[in-house]
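Some notes on the structure that comes next.
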Amino acid sequence: MSAVLKPLFQEEYSITPRILVCEDDPLIALGWMEMLKDAGYSVVGPAYTAEKALEMAYQDLPALALVDIDLSGVVDGISVAAELAPLGVLVVFITGDYKRASLEGREMASDILIKPVAESTVLDSVTAILQSR
C-alpha cells in the first residue's frame, strides 16, 4: 500500500505553488525565501527590482507574488501587481506604505501586510490565500 501512496506524494510535490519574492532588501528577501522553502513552497527570485520581478514572472509564472511596493528601479511594486494580476497571479503587498497600498493597490492585492512583519504572519497569509484559491 505504501508503494501506491509514494507516487501520489511525488505528484503533489510536483504541483507545489510557485511564489515570486519581490523585495529590494536582500536580507528580508532571503529570509522570506528560506521561510517559504522550509514550508514546502517553490520559490522564484528574489527580484530586487520591478523589472527583474516581471522578467522572472514571465519566465516562470508564479501562483502568488510577495511584492514590496517601494521596489528599486523605474517601476514600483504597484505596477508589478498591475502586470501580474491579469495573468492570474495573486499578490500580497508587504510594505511600510499602507496608505499607498490601500489607495492604489487594494483592488490588486489578496492581502496587505505592513512592515515590519513577522515571518509567521507572511506564511499564514500565503497559506490562507493559496488554500482559498
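Under the 4.5 Å side-chain heavy-atom criterion for grouping Ile, Leu, Val, Met, Phe, Trp and Tyr, V67 is not connected to L113 through any hydrophobic cluster. Grouping the Ile, Leu, Val, Met, Phe, Trp and Tyr side chains by contacts below 4.5 angstrom, directly or via other members, places L87 with L54. Residues M108 and I69 share a hydrophobic cluster, clusters being chains of Ile/Leu/Val/Met/Phe/Trp/Tyr side chains in contact below 4.5 Å. There is a path of hydrophobic side-chain contacts, each under 4.5 Å, that joins V89 to V80.
Among residues at least two apart or in separate chains, side chain to side chain donor-acceptor pair (under 3.5 Å) pairs with a member in residues 60-70 are R18-D60, D68-K115. For the salt bridge (charged side-chain N to carboxylate O under 4.0 Å, His left out) condition, no pair includes a residue of residues 118-133, sequence neighbours left out. Pairs engaging residues 85-103 under the side chain to side chain donor-acceptor pair (under 3.5 Å) rule: D76-R100, R100-E104 [sequence neighbours left out]. Residue pairs meeting the salt bridge (charged side-chain N to carboxylate O under 4.0 Å, His left out) criterion with at least one partner in residues 39-54, sequence neighbours excluded, are K52-E55.
Here the CG-CG distance, from L90 to L84, works out to 10.5 Å after rounding to the nearest 0.5 Å. A distance of 8.5 Å separates OG of S110 from CG of L130, quoted to the nearest 0.5 Å. With values rounded to the nearest 0.5 angstrom, L27 atom CG is found 12.0 Å from W32 atom CH2. In this structure, CD1 in I94 is found 7.5 Å from OG in S125, a value given to the nearest 0.5 Å.
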message = Is there a side chain to side chain contact (heavy atoms under 4.5 Å, CB included) between V21 and V44? Walk through the geometry before answering.
response = CA-CA 6 Å; V21 174; V44 179; over 6 Å; no
request  = Apply the test side chain to side chain contact (heavy atoms under 4.5 Å, CB included) to residues Y48 and D25: give CA-CA distance (whole Å), side-chain angles for both, the deciding distance (0.1 Å), then the verdict.
outcome  = CA-CA 7 Å; Y48 300 120; D25 183 315; over 6 Å; no
From CA spacing to verdict: side chain to side chain contact (heavy atoms under 4.5 Å, CB included), I112, I114 = CA-CA 7 Å; I112 300 172; I114 305 305; 4.0 Å; yes
query = side chain to side chain contact (heavy atoms under 4.5 Å, CB included) between V91 and L64: does it pass, once the steps are laid out?
reply = CA-CA 6 Å; V91 174; L64 184 141; over 6 Å; no
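Remark: T49 engages no residue in a side-chain hydrogen bond (donor to acceptor under 3.5 Å, both in side chains) (not counting sequence neighbours). By the salt bridge (Lys or Arg N to Asp or Glu O under 4.0 Å) test, E83 is found to be paired with no residue, residues two or more places apart in sequence or in another chain being considered.
Heavy atoms only, all atoms of each residue included: I129 and S132 are closest at O-OG, 2.9 Å. Counting all heavy atoms, side chain and backbone alike, F93 lies closest to A81 at CZ-CB, 3.5 Å.
Of the candidates V126, I28, L20, L66 forms a side chain to side chain contact (heavy atoms under 4.5 Å, CB included) with just one, namely V126.
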Counting only pairs under 3.5 Å, give me each side-chain donor-acceptor contact of residues 33-42, with atom names and distances, residues two or more places apart or in other chains.
| from | atom 1 | to | atom 2 | distance (Å) |
| --- | --- | --- | --- | --- |
| Y41 | OH | T127 | OG1 | 3.2 |

